[in-house]
Novice: 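To start, I am sharing the structure in question, which I have written as structure tokens.
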Amino acid sequence: MSLLERYCPLTEFDSYEDFAKNFQLNIPVDFNFAHDVVDWYADNEPNRTALVWCDDRGGEVILDFAELRRRADQTANFFKSRGVKKGDAVMLCLKGRWHFWTCVIALHKIGAIGVPATHMMQAKNVVYRLQKLPFKMILAAHEKTLMENIIEAVKEVGQDITLASVDGPADGWEDFNELVAAMPDTFQRPPKGSPEATTLREFILLYFTSGTTGFPKMIQFDHAYPLAHITTAKFWHDNFDGGLHYTVADTGWAKCAWGKIYGQWLCGCAVFAYDYDVFNATEIMKMIGKYKITSFCAPPTIYRMMIKESLEGHDFSSLKHCCVAGEPLNPEVYYRWLEKTGHKLYEAYGQTESVVSVGTTKWMEPKPGSMGRPMPIYTMGLMNQEDGTLCERGETGEIVIKAERDNPPPGLFRGYRDDEELTSSAWHDGWYHTGDQAWMDEDGYFWFVGRADDLIKTSGYRVGPFEVESAVMQHPCVLECAITGVPDPVRGQVIKATIVLAKNYLPPAGSTPEEIAAYHAKLAKEVQEKVKEVTEPYKYPRVVEFVPELPKTISGKIRRVEIRQEDDLKRTREEAE
């Protein structure tokens, strides 16, 4: 019996219907990913590759499970030497450093809570986190601005927190590597039933959500969470024993947990990580060929950037499976990628609060723009928010997951920490309410419409931003786009497109303001006509604005709410004048 089959008895299915009916997970009551997966490999298959890591400065680290355990055990002993114990929180601002993997495993062994965070945090973002959650330690990559922001925040809140840098000594920071290297390289699992032993419902990870519509919330996961990612890795990423999987994601994002550790290792698949300072689509494609990556997952924007940089001359022969998530996929990107690489793109949907909940599996024919069908780990529905009934096919409703708060299905978060009101508003009447809108077609595929707050009501129609964004993206001048509603006295709202131009469509250098305005007006007209060609005419953006960049959260999600707020301020100023 393989390690995967120990926790997932059936791993091969004939169809989606077979998968939906017969899939099951075995979750031991004392499961601990670090001890039961990482240590199992280290004992039974010590030379199996766990992590293939490189950076844009020529660095490379390849860890098998024996070495991963040795370094994780040293790290666990270091944490304990600094007073970290079961239930304590440690913030991990590690960007793409390989230390993330040894630190997470070490924290799991202790029973402490890992709190991944992006390196793009400002001091105010760190202050917010320190005020919401007591931290025992903060680990950081040697990013000057990040480290300065953390020190400033720690001083402001007046907490006694150990600071350690994984890139060598720095003013105010301990040298993590030197201290860890001096530690014993074995760490014994606490005896069952002892105070130090972990139990299934205790917490191992906490994420601060990106807060597209408000302040970040604290999302907690227990020890069952890693096992639930078997659905993510095996049945969406199509990871296999001996493969090498690459998900493009910073370690501060929950997407890292989806594609860079749990499900992959449970499937016997190694993880690839590329640590870079500046994203470069060409370099990503080089990595795929150089390291013979077998499965790849990235948001549509990255596929779009790779296509715009040209796929010619790159080696994709090792690829077996390609996935996409984060936003609905533009059909043009889907077909261009298929034409050039021979690979279909398999979409999926989930939130920070869950593992993949709706996905396109290998038994299903992808429909570009659709997230697929519900994964059997969850019972899903689309709910009419007005009367609480489940929607018929073709009707738009809120995506909901059937779940009791006291006994949620594996992989679903355990509520928002220290916020009972918010938890109750999202989790009631036997359902977890995602706040996302979708509709289901005749084949059972889900199609994303948008966040409830993002829906636009124009001339009596309800329009989701993602459908219009997908249409706008079909014009080659568009690199990024956000669709929002603008108040209108006649139509209630009109649709606005805020667009970042592709570099080869920027106004010619030296253009006057008048020439730039005329050039933008011409492009705006072309974009509007393109939308009318590919979707219903009432959905075209009557307002088009070109901007250097879109406002985003620190995890990279577009903040449409900020665009709406800025438009409101502009109207207020104009009315005052």
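For the single chain, residues carry numbers from 1 onward in sequence order. Computed from heavy atoms alone, side chains included, the values below leave out hydrogens, waters and symmetry copies.
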Novice: With Tyr445, which residues qualify under ring-ring contact (aromatic ring centres under 6.0 Å, His included), at least two apart?
Specialist: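 Once residues adjacent in sequence are excluded, Tyr445 has no partner under the ring-ring contact (aromatic ring centres under 6.0 Å, His included) criterion.
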Novice: Using the ring of each side chain (for Trp, its six-membered ring), is His314 parallel, tilted or perpendicular to Phe316, with breaks at 30° and 60°?
Specialist: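 Ring orientation of His314 relative to Phe316: tilted.
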Novice: Dump the intermediate steps for side-chain hydrogen bond (donor to acceptor under 3.5 Å, both in side chains) on Thr118 and Asp250, then the final yes or no.
Specialist: CA-CA 7 Å; Thr118 174; Asp250 185 283; 4.6 Å; no
Novice: Excluding sequence neighbours, so at least two apart, what forms salt bridge (Lys or Arg N to Asp or Glu O under 4.0 Å) with Glu469?
Specialist: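 Checked Glu469 against salt bridge (Lys or Arg N to Asp or Glu O under 4.0 Å); matches are Arg560.
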Novice: Is any side-chain heavy atom of Tyr519 less than 4.5 Å from a side-chain heavy atom of Phe546?
Specialist: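 Answer no - side chains too far apart.
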Novice: Apply the test salt bridge (Lys or Arg N to Asp or Glu O under 4.0 Å) to residues Lys570 and Glu566: give CA-CA distance (whole Å), side-chain angles for both, the deciding distance (0.1 Å), then the verdict.
Specialist: CA-CA 6 Å; Lys570 289 179 182 178; Glu566 183 60 31; 5.1 Å; no
Novice: Quick one: does any side-chain atom of Asp55 pair with a main-chain N or O of Gly59 as donor and acceptor, under 3.5 Å?
Specialist: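 Yes.
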Novice: I want to check something: taking the side chain as every heavy atom from C-beta on, are Val115 and Tyr207 in contact at a cut-off of under 4.5 Å?
Specialist: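 No - every pair of side-chain heavy atoms lies 4.5 Å or more apart.
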Novice: Under the rule for side chain to side chain donor-acceptor pair (under 3.5 Å), what residues qualify as partners of Glu529, not counting sequence neighbours?
Specialist: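 Glu529 satisfies side chain to side chain donor-acceptor pair (under 3.5 Å) with no residue once adjacent residues are dropped.
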Novice: Crowded around Lys362 NZ? As in, over 12 foreign heavy atoms under 6.0 Å?
Specialist: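 Check passes, neighbour count above 12.
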Novice: Where do His321 and His237 come nearest, in terms of heavy atoms and distance?
Specialist: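 So the minimum-distance heavy-atom pair works out to CD2-O, 3.1 Å.
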Novice: Among residues at least two apart in sequence or on other chains, which ones pass salt bridge (Lys or Arg N to Asp or Glu O under 4.0 Å) with Asp488?
Specialist: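 By the salt bridge (Lys or Arg N to Asp or Glu O under 4.0 Å) rule, Asp488 matches no residue at all.
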Novice: Can you check whether Thr434 reaches Gln351 side chain to side chain, under 4.5 Å on heavy atoms?
Specialist: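 Yes, at least one pair of side-chain atoms sits under 4.5 Å.
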Novice: Can you give the donor-acceptor pairs under 3.5 Å from side chains of residues 373-383 to other protein atoms, not counting sequence neighbours?
Specialist:
from   : atom 1 : to     : atom 2 : distance (Å)
Arg373 : NH1    : Glu17  : OE2    : 3.2
Tyr378 : OH     : Pro410 : O      : 3.3
Tyr378 : OH     : Gly411 : O      : 3.3
Tyr378 : OH     : Leu412 : N      : 3.2

Novice: Assess the residue pair Arg129 and Lys124 against the criterion (side-chain contact (heavy atoms from CB on, under 4.5 Å)); give the C-alpha distance rounded to whole Å, side-chain angles, the decisive distance to 0.1 Å, and a yes or no.
Specialist: CA-CA 9 Å; Arg129 284 157 174 75; Lys124 64 180 181 181; over 6 Å; no
Novice: Go through the steps to decide whether Glu309 and Asn280 satisfy the test side-chain hydrogen bond (donor to acceptor under 3.5 Å, both in side chains), and finish with yes or no.
Specialist: CA-CA 9 Å; Glu309 289 294 327; Asn280 184 306; over 6 Å; no
Novice: Test your reading of the model: is there a side-chain donor-acceptor pair from Thr535 to the backbone of Val531, 3.5 Å cut-off?
Specialist: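 Such a contact is absent between Thr535 side chain and Val531 backbone.
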Novice: Could you tell me which non-hydrogen atom of Arg393 sits nearest to which non-hydrogen atom of Gly444, and how far apart they are?
Specialist: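 Smallest heavy-atom distance, with atoms named: NH1-N, 3.4 Å.
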Novice: Do Met147 and Ile150 have side chains that approach each other closer than 4.5 Å (heavy atoms only, starting at C-beta)?
Specialist: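 They are not in contact (no side-chain heavy atoms under 4.5 Å apart), so the answer is no.
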Novice: I'd like to check the side chain to side chain donor-acceptor pair (under 3.5 Å) partners of Glu365; sequence neighbours left out, ordered by chain and number.
Specialist: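 For Glu365 the side chain to side chain donor-acceptor pair (under 3.5 Å) partners, ignoring immediate neighbours, are Lys344.
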Novice: Considering only heavy atoms from C-beta outward, does the side chain of Ser470 approach that of Pro331 to under 4.5 Å?
Specialist: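 Side chain of Ser470 against side chain of Pro331, heavy atoms only: contact under 4.5 Å found.
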Novice: Would Tyr276 and Tyr274 count as a ring pair (Phe, Tyr, Trp, His ring centres under 6.0 Å) here? Give the steps.
Specialist: CA-CA 6 Å; Tyr276 51 81; Tyr274 178 43; 5.3 Å; yes
Novice: Counting only heavy atoms from other residues, nucleotides and ligands, does the tally under 6.0 Å from NZ of Lys532 exceed 12?
Specialist: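 Yes, enclosed.
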Novice: For Thr389 and Asn384, test the side chains for any donor-to-acceptor distance below 3.5 angstrom and give the result as yes or no.
Specialist: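 Note: Thr389 and Asn384 side chains miss the donor-acceptor criterion.
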Novice: According to salt bridge (Lys or Arg N to Asp or Glu O under 4.0 Å), who are the partners of Lys340, at least two apart in sequence or on a separate chain?
Specialist: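 Applying salt bridge (Lys or Arg N to Asp or Glu O under 4.0 Å) to Lys340 gives Glu312.
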Novice: Looking at Asp419 and Lys217, does any basic side-chain N land under 4.0 Å from a carboxylate oxygen?
Specialist: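 Looking at Asp419 and Lys217, the cut-off is not met.
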Novice: Give me the atom names and distance for the closest heavy-atom approach of Gly415 to Trp427.
Specialist: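 Smallest heavy-atom distance, with atoms named: N-CZ3, 3.9 Å.
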Novice: Using the ring centroid of each side chain, check whether His433 and His428 are separated by less than 6.0 Å.
Specialist: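 So the answer is yes for these two rings.
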Novice: Indicate the atoms forming the closest heavy-atom contact of Ser354 with Phe221, along with that distance.
Specialist: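 In this case the closest contact between Ser354 and Phe221 is N-CZ, 4.1 Å.
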Novice: Test your reading of the model: is there a side-chain donor-acceptor pair from Gln385 to the backbone of Gly397, 3.5 Å cut-off?
Specialist: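 Between the backbone of Gly397 and the side chain of Gln385 there is no qualifying donor-acceptor contact (under 3.5 Å).
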Novice: Do the ring centers of Phe296 and Tyr246 come within less than 6.0 Å of each other?
Specialist: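 When the ring centroids of Phe296 and Tyr246 are compared, they turn out to be within the sub-6.0 Å range.
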Novice: Less than 4.5 Å apart, any side-chain heavy atom of Pro507 and any of His520?
Specialist: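 A side-chain contact exists here, since the closest heavy-atom pair is under 4.5 Å.
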Novice: Between the main-chain N or O of Lys95 and the side-chain N or O of Thr251, is there a donor-acceptor pair closer than 3.5 Å?
Specialist: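 Present.
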Novice: Go through it in stages, so that I can follow the logic: the residues are Glu353 and Tyr416, the test is side-chain hydrogen bond (donor to acceptor under 3.5 Å, both in side chains), and I'd like the CA-CA distance, side-chain angles, deciding distance and then a yes or no.
Specialist: CA-CA 9 Å; Glu353 289 89 340; Tyr416 300 107; 2.7 Å; yes
Novice: Can you tell me if Gln264 uses its side chain to pair, donor with acceptor, with the backbone of Trp258 under 3.5 Å?
Specialist: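 Yes, the answer is positive, given that a donor and an acceptor are paired below the 3.5 Å cut-off.
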Novice: Check the orientation of Tyr225 and Tyr262. Use parallel for under 30°, tilted for 30 to 60°, and perpendicular for over 60°.
Specialist: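 Judged by the thresholds at 30° and 60°, the geometry between Tyr225 and Tyr262 is perpendicular.
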Novice: List the atom of Val127, the atom of Ala153, and the distance in Å for their closest heavy-atom pair.
Specialist: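 Taking every non-hydrogen atom into account, CG2-CB, 3.5 Å.
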Novice: Output all residues satisfying ring-ring contact (aromatic ring centres under 6.0 Å, His included) with Tyr540, sequence neighbours left out; order by chain, then residue number.
Specialist: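 In terms of ring-ring contact (aromatic ring centres under 6.0 Å, His included), with neighbours along the sequence ignored, Tyr540 is linked to no residue.
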Novice: Could you check if a side-chain atom of Arg304 sits within less than 4.5 angstrom of a side-chain atom of Pro299, using non-hydrogen atoms only?
Specialist: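 SC-SC contact between Arg304 and Pro299 ruled out.
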Novice: Centres of the Trp363 and Tyr16 rings: under 6.0 Å?
Specialist: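 No, ring centres 6.0 Å or more apart.
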Novice: For side-chain contact (heavy atoms from CB on, under 4.5 Å), just list the numbers for Ile288 and Leu319, CA-CA rounded to whole Å, side-chain angles, deciding distance to a tenth of an Å, and then say yes or no.
Specialist: CA-CA 8 Å; Ile288 292 174; Leu319 281 178; 3.9 Å; yes
Novice: Using atom types as modelled and distance alone, determine if a side-chain donor or acceptor of Trp53 lies under 3.5 Å from a backbone N or O of Gly96.
Specialist: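 Yes: the side chain of Trp53 pairs with the backbone of Gly96.
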Novice: Do Cys93 and Leu146 touch side chain to side chain, with heavy atoms closer than 4.5 Å?
Specialist: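 Yes; the side chains approach each other to less than 4.5 Å.
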Novice: Could you tell me which residues satisfy salt bridge (Lys or Arg N to Asp or Glu O under 4.0 Å) with Asp315, sequence neighbours excluded, listed by chain and number?
Specialist: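 In terms of salt bridge (Lys or Arg N to Asp or Glu O under 4.0 Å), with neighbours along the sequence ignored, Asp315 is linked to Lys292.
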Novice: Let me confirm one number: the OG-CG distance from Ser295 to Leu244, rounded to the nearest 0.5 Å.
Specialist: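 So the OG of Ser295 and the CG of Leu244 are separated by 7.5 Å.
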Novice: So, using side chain to side chain donor-acceptor pair (under 3.5 Å) as the criterion, who are the partners of Lys539 when residues are at least two apart?
Specialist: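 Expected list: Glu467, Glu536.
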Novice: Assign the ring pair Trp447 / Trp439 to parallel, tilted or perpendicular, where the plane angle (0 to 90°) is split at 30° and 60°.
Specialist: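 The rings of Trp447 and Trp439 lie parallel, inter-plane angle below 30°.
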Novice: With sequence neighbours excluded, what pairs up with His343 under the ring-ring contact (aromatic ring centres under 6.0 Å, His included) test?
Specialist: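 Checked His343 against ring-ring contact (aromatic ring centres under 6.0 Å, His included); zero matches.
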Novice: Apply side-chain hydrogen bond (donor to acceptor under 3.5 Å, both in side chains) to residues Thr247 and His245 and explain how you reach the verdict.
Specialist: CA-CA 7 Å; Thr247 284; His245 178 76; 2.7 Å; yes
Novice: My understanding is that only residues two or more places apart in sequence, or in another chain, count here; which of them pass side chain to side chain donor-acceptor pair (under 3.5 Å) with Lys286?
Specialist: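 So Lys286 forms a side chain to side chain donor-acceptor pair (under 3.5 Å) with Glu283.
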